[in-house]
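Contents: one structure, followed by commentary.
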Protein chains: 4
Amino acid sequence: MATRWTAEDLKGVIAVAPTPAKEGAQDFRETMTVDLDETERMVKNLLRDGVHGLLTNGTLGEMATLTFEEWKAFAEVVYLTVRAHNPDFPLFIGATTLSTRDTIERMRFLRDLGVRGVFLGRPFWSELGPDAMIRYYRDVTAAFPEMSIVLYDNPEAFKGPIPTPVYRELAKNPRIIGAKYIALTPKYRADVEAVNGKIRLMPLDSDWLQAVALYPVEAQAFWSSSALCGPEPVLYLWKAVQEGRWDDARWVTQRIEWTYEPFLARQNFREFSKYNIPLEKIRFDEAGYVKAGPTRPPYHVVPEAYAEGARENGRRWRTLVEEVRRREKDAEKRKEVLK
Amino acid sequence: MATRWTAEDLKGVIAVAPTPAKEGAQDFRETMTVDLDETERMVKNLLRDGVHGLLTNGTLGEMATLTFEEWKAFAEVVYLTVRAHNPDFPLFIGATTLSTRDTIERMRFLRDLGVRGVFLGRPFWSELGPDAMIRYYRDVTAAFPEMSIVLYDNPEAFKGPIPTPVYRELAKNPRIIGAKYIALTPKYRADVEAVNGKIRLMPLDSDWLQAVALYPVEAQAFWSSSALCGPEPVLYLWKAVQEGRWDDARWVTQRIEWTYEPFLARQNFREFSKYNIPLEKIRFDEAGYVKAGPTRPPYHVVPEAYAEGARENGRRWRTLVEEVRRREKDAEKRKEVLK
Amino acid sequence: MATRWTAEDLKGVIAVAPTPAKEGAQDFRETMTVDLDETERMVKNLLRDGVHGLLTNGTLGEMATLTFEEWKAFAEVVYLTVRAHNPDFPLFIGATTLSTRDTIERMRFLRDLGVRGVFLGRPFWSELGPDAMIRYYRDVTAAFPEMSIVLYDNPEAFKGPIPTPVYRELAKNPRIIGAKYIALTPKYRADVEAVNGKIRLMPLDSDWLQAVALYPVEAQAFWSSSALCGPEPVLYLWKAVQEGRWDDARWVTQRIEWTYEPFLARQNFREFSKYNIPLEKIRFDEAGYVKAGPTRPPYHVVPEAYAEGARENGRRWRTLVEEVRRREKDAEKRKEVLK
Amino acid sequence: MATRWTAEDLKGVIAVAPTPAKEGAQDFRETMTVDLDETERMVKNLLRDGVHGLLTNGTLGEMATLTFEEWKAFAEVVYLTVRAHNPDFPLFIGATTLSTRDTIERMRFLRDLGVRGVFLGRPFWSELGPDAMIRYYRDVTAAFPEMSIVLYDNPEAFKGPIPTPVYRELAKNPRIIGAKYIALTPKYRADVEAVNGKIRLMPLDSDWLQAVALYPVEAQAFWSSSALCGPEPVLYLWKAVQEGRWDDARWVTQRIEWTYEPFLARQNFREFSKYNIPLEKIRFDEAGYVKAGPTRPPYHVVPEAYAEGARENGRRWRTLVEEVRRREKDAEKRKEVLK
């Protein structure tokens with residue numbers, strides 16, 4: 001049997017994937033909307049291109065709006081595709097619901113399937129108090145001691161951040177090995193201290209260089225939904241830092257930031273939070289790496305100006321992919337010349 | 001077949017009920033936690049005592065944390081108990097979920113059971129934008145043209161209020177007949193104007209006298225979870241206003257306010273929102289009108305100081321029930337003397 | 001010597017006045033911008049028309065942007081005009097500054113002038129904590145035991161409301177007799193209980209009928225900046241309630257609400273708070289009762305769409321003044337016919 | 001005559017200084033509370049120890065609560081002390097008030113004194129809208145074309161951040177050369193792009209290493225109020241980065257973070273904002289580099305638990321000063337050994 005994962009197993013680019021949808025998925029009368037072929041293709045491509053981990057069924061992965069049956073079908077294809085390629089690949093499937101018991105039902109399905117990693121937020125009809133948060137994670141990990149958890153720390157979705165004292169407590173639980181972290185604020189530094197290396201706090205791609213500048217040991221992974229627009233830029237970033245090429249790392253970080261400029265997330269985060277799901281899917285479709293397809297109801301309704309910003313983000317990402325390829329080719333040529 | 005309801009059918013005290021739980025319901029390993037006997041007793045008592053409507057499975061009704069099976073069993077008992085007593089009684093069963101399709105599945109069950117009314121919030125993983133809100137309610141009402149909707153307008157749960165322009169739009173839909181309204185602010189006045197009598201905006205019991213002072217025609221119903229601590233005080237309030245006994249109406253409103261004083265909802269509403277569910281159940285249990293039982297996970301964890309405030313609220317409500325009875329008896333005596 | 005005022009002296013319509021400005025007052029190079037003639041005319045008209053009290057130099061009274069010299073000149077004219085008419089008229093001149101010592105300097109000037117009432121917010125560069133709030137009001141009232149204070153409770157300006165426990169404490173200070181209160185929420189009821197009749201909590205004109213419905217003894221005064229658009233409607237409201245004409249009171253309250261409909265304050269309060277000062281002055285100028293004149297810098301810059309909403313509010317108020325006059329005339333005719 | 005400053009002149013550690021107060025300064029009856037001797041000593045020591053710039057009279061510099069006379073006396077001593085040492089030293093004296101005209105009066109005094117730099121927030125009784133913000137800074141810089149401005153971008157004090165489009169506009173004004181910036185968020189990156197090198201956006205000491213990792217050209221200065229606890233650690237940080245000693249830079253940044261751990265600013269920023277002024281003065285007094293003295297009213301009231309956290313921060317800073325000295329000595333020894 002595989003040994004259990006630890007924070008050390010989260011290293012590199014952790015992609016955050018959508019749940020591809022078939023034509024017509026925005027219609028509430030449809031019952032099986034997952035594009036399973038595209039799902040398989042997406043996962044294969046990510047593995048082939050070399051991302052270092054995968055999170056599914058968060059916000060943009062439409063955890064909220066998939067039916068149970070759809071979620072199961074998607075999880076199965078993702079898992080089997082990953083397993084066929086590399087059984088040790090860090091895969092974390094989302095299982096966040098509105099209650100402890102529903103989440104446990106989801107995790108039981110995953111466990112029985114063979115899945116080892118879960119990407120897990122918390123119930124949020126009412127915001128959970130700190131003690132209830134600790135209790136919730138204790139309960140679900142006690143029920144599945146063989147599974148590893150990446151926390152989903154999303155203050156907009158779950159009505160508040162995971163407080164620093166809660167991180168300190170959760171870090172004592174060896175089943176909790178990582179967290180999709182929201183943003184670099186002074187709280188990030190406090191949380192890095194609090195988890196003491198036991199939970200890998202993963203910042204966003206464009207935040208990562210700043211994180212690694214201060215915490216080179218702790219900040220060895222970052223999440224990226226942009227990886228689903230094409231992973232080259234974020235893989236380039238990872239490699240540049242590994243090789244100490246700081247100018248390259250800065251260059252690509254600033255270019256990534258440039259692609260985000262027209263995206264609503266940068267202009268008005270509060271408003272973005274309402275249209276997060278369709279806007280991510282729209283930019284994926286525009287970039288062309290994955291066919292994310294329509295958004296499931298009720299999140300398929302989005303103002304056109306916001307949609308256009310997302311498309312522009314997708315187009316800029318495509319441009320950046322070309323820039324990165326050219327830069328890599330140039331660098332190789334220079335090396336050959338110098339031989 | 002019964003005619004469809006309109007805003008006019010919401011008149012009087014609309015009770016907001018919990019989902020009674022059996023011993024041990026706080027344990028996530030339990031699978032059928034609903035106390036169906038107590039559910040039946042609770043509904044019978046409310047009907048016997050004369051409340052004018054019933055909403056179930058909102059926040060305190062643990063919509064979030066019941067399993068689908070539990071929710072169905074509870075809905076069935078509530079519905080059959082109501083039907084046996086009065087098929088026209090305004091009963092609205094909660095069916096809020098995280099997605100359009102899951103809510104439709106719930107409503108289908110209710111419709112097939114014979115239920116005519118639904119108490120309905122909106123998906124809230126991401127806050128819904130105004131257009132998406134309108135579309136969501138249009139979709140679910142189009143799917144069930146024979147059912148009537150009471151909107152659940154809870155800014156804490158659903159990450160924002162229903163905006164006034166959305167109310168204006170929803171009022172054009174004859175299937176939407178009421179709303180559990182949050183608080184008396186200037187927005188309430190704007191919303192009363194916007195719905196133009198088509199949606200009954202129901203304020204909280206202790207807000208109601210102020211609402212009726214300005215809108216005697218529009219404000220003919222109010223919601224009350226305190227009715228589940230014993231409905232006499234709110235029924236007394238309703239009757240006092242019907243009979244133009246303003247001093248009595250003021251007296252009981254101020255006494256109701258007095259019972260709320262130690263309750264966290266009055267002291268810190270933001271913090272209360274985290275512990276809303278267990279605190280309501282605790283005060284119900286202390287007041288003794290219904291045996292609400294333990295809170296389902298993960299909301300069963302609550303700081304003791306808050307719990308004690310809830311118990312004190314329950315005790316004060318019991319005192320108020322006695323005061324109301326005495327006052328009614330005294331009034332009757334005075335009448336007899338004057339004959 | 002005049003006896004000191006108490007909460008009982010605040011009864012009726014308490015007008016909130018601007019500081020009239022001469023042409024060119026928006027130019028930062030101007031040094032004496034107060035239109036003293038218009039100031040005198042405004043105060044005389046308010047007294048003649050029968051308002052029951054006056055607050056000056058709050059937000060819209062441009063406390064923030066008058067020079068010390070201008071403020072002194074304005075205060076002098078206001079005070080002398082009031083004194084000539086009625087030395088016991090409840091006049092409260094604003095003296096809010098960023099520090100205890102600057103406010104005391106202002107109050108010393110007022111005291112030496114003969115002014116008995118001060119309209120007083122609190123320092124707000126940093127939000128004041130509750131203990132600091134209590135200490136601040138204790139210090140300034142101890143320094144001027146002969147003066148009476150109306151609290152300025154403006155959560156937007158001063159970065160938070162006066163908390164209920166602070167109200168409870170301030171109510172023990174006989175020098176604090178009233179408060180310009182922000183809005184009818186459950187906190188209003190808690191605060192009414194907390195001050196126990198010692199501080200007159202004065203709601204806004206359009207909130208007042210709802211306040212008086214629940215607290216007929218306590219809620220015997222309300223503030224109105226709309227009085228400066230022409231006081232008839234709010235005086236009509238006051239009289240209607242005094243005479244128990246509830247239908248008339250409701251009618252005029254709803255018509256007042258109608259005038260506010262296009263005003264930014266009703267549509268987006270947060271945004272309104274940025275343009276509060278010019279928008280109030282614009283609607284005054286449009287209504288024509290007072291010539292408020294241009295706004296002093298830096299608050300003279302306001303988007304045109306907002307300005308137009310303010311003008312429409314002013315026009316609607318003029319219409320309402322006509323409606324009120326007609327209604328009063330009709331009522332009189334009916335009375336004569338019935339003689 | 002001296003040439004005017006540009007963003008390039010802001011390079012290194014920019015200290016943020018308090019206004020030293022004499023015994024009894026917390027008493028509102030005191031009229032001249034500035035400890036001018038300590039002021040002179042403080043400035044001399046900062047210059048001697050090698051900080052690269054100085055900001056005075058921000059929040060902790062008690063801009064809000066100094067009398068005009070006190071502010072003038074303080075400004076004079078600061079300016080003359082600096083001039084005697086180095087007339088080109090980047091000194092920016094605070095002149096934020098509630099109005100354009102009052103600020104202009106302050107700036108006139110500074111200009112006449114010979115001061116070349118102003119540290120300038122904006123009026124904030126009402127939050128300034130973006131157009132009003134641009135107009136305000138245009139007006140004051142037009143009035144004093146020979147002076148240079150460092151923006152004070154403090155969202156808590158001034159009720160919101162300087163929006164990115166406003167930064168873009170202000171960057172066109174050559175008189176605006178820097179900004180005391182609040183925190184590293186994605187907005188920081190957008191603002192760096194927007195100002196295009198024309199405004200030096202200065203982060204906090206403990207944020208700076210992360211800023212410089214991404215923007216080595218742009219992020220060449222940072223602000224530090226901790227410099228007033230003793231400037232060695234922040235000077236060490238500056239030097240380490242200049243010399244490419246990244247491990248040392250990381251070490252000292254993490255140690256600085258450790259000193260902040262017990263400070264309320266790190267635990268609850270919203271609550272800290274209420275007690276910002278006394279807490280900064282308390283930690284300065286505990287660290288012992290400057291005798292900041294009591295806080296002027298009404299900000300002298302502070303809960304003891306918060307005060308103790310500030311003292312612990314001061315003690316930790318003293319410890320860190322020792323650690324830095326030891327580390328420097330060790331490094332020198334190693335160098336000598338290697339000769």
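Residue numbers begin at 1 in each chain, while the letters A, B, ... track the order of the sequences.
The residue among D/Asn276, D/Leu128, D/Ile104 with the most heavy atom pairs within less than 4.5 Å of chain C is D/Leu128. For the options D/Gly160, D/Gly121, D/Pro123, heavy-atom pairs under 4.5 Å to chain C are most numerous at D/Pro123. For the options C/Glu271, C/Glu105, C/His300, heavy-atom pairs under 4.5 Å to chain D are most numerous at C/His300. In terms of heavy-atom pairs under 4.5 Å with chain D, the best-connected choice from C/Met63, C/Glu127, C/Glu62, C/Arg122 is C/Glu127. Ranked by heavy-atom pairs under 4.5 Å with chain C, the first of D/Val301, D/Asn154, D/Thr100 is D/Thr100. Between chain D and the options C/Ala143, C/Ala132, C/Pro303, the largest number of non-hydrogen pairs under 4.5 Å is found for C/Ala132. Chain C forms more heavy-atom pairs under 4.5 Å with one residue of D/Asp131, D/Asp102, D/Asp139 than with any other, namely D/Asp139.
Between C/Phe28 atom CZ and D/Ser99 atom OG the span is 12.0 Å, to the nearest 0.5 Å.
Proximity to chain C is limited to the side chain of D/Tyr275, based on heavy atoms less than 4.5 angstrom apart. At a 4.5 Å heavy-atom cutoff, the contact between C/Pro130 and chain D is made by backbone and side-chain atoms alike. In this structure, chain D has no heavy atom under 4.5 Å from any part of C/Thr103. Residue D/Arg29: no heavy atom, backbone or side chain, is found under 4.5 Å from chain C. Both the backbone and the side chain of C/Thr67 come within contact range of chain D, with heavy atoms under 4.5 Å apart.
Ring geometry, C/Phe158 versus D/Trp125: the interplanar angle exceeds 60°, so the pair is classed perpendicular (tilted spans 30 to 60°).
A salt bridge does not link C/Lys159 with D/Glu156: none of the charged nitrogens is closer than 4.0 Å to a carboxylate oxygen.
Between D/Tyr299 and C/Ser126, the shortest heavy-atom distance links the atoms OH-O, 2.8 Å. Residues D/Pro297 and C/Arg101 approach most closely at CG-CG, 4.4 Å, considering heavy atoms.
Residue C/Glu308 places its CD atom among more than 12 non-hydrogen atoms of other residues, nucleotides or ligands, all under 6.0 Å distant.
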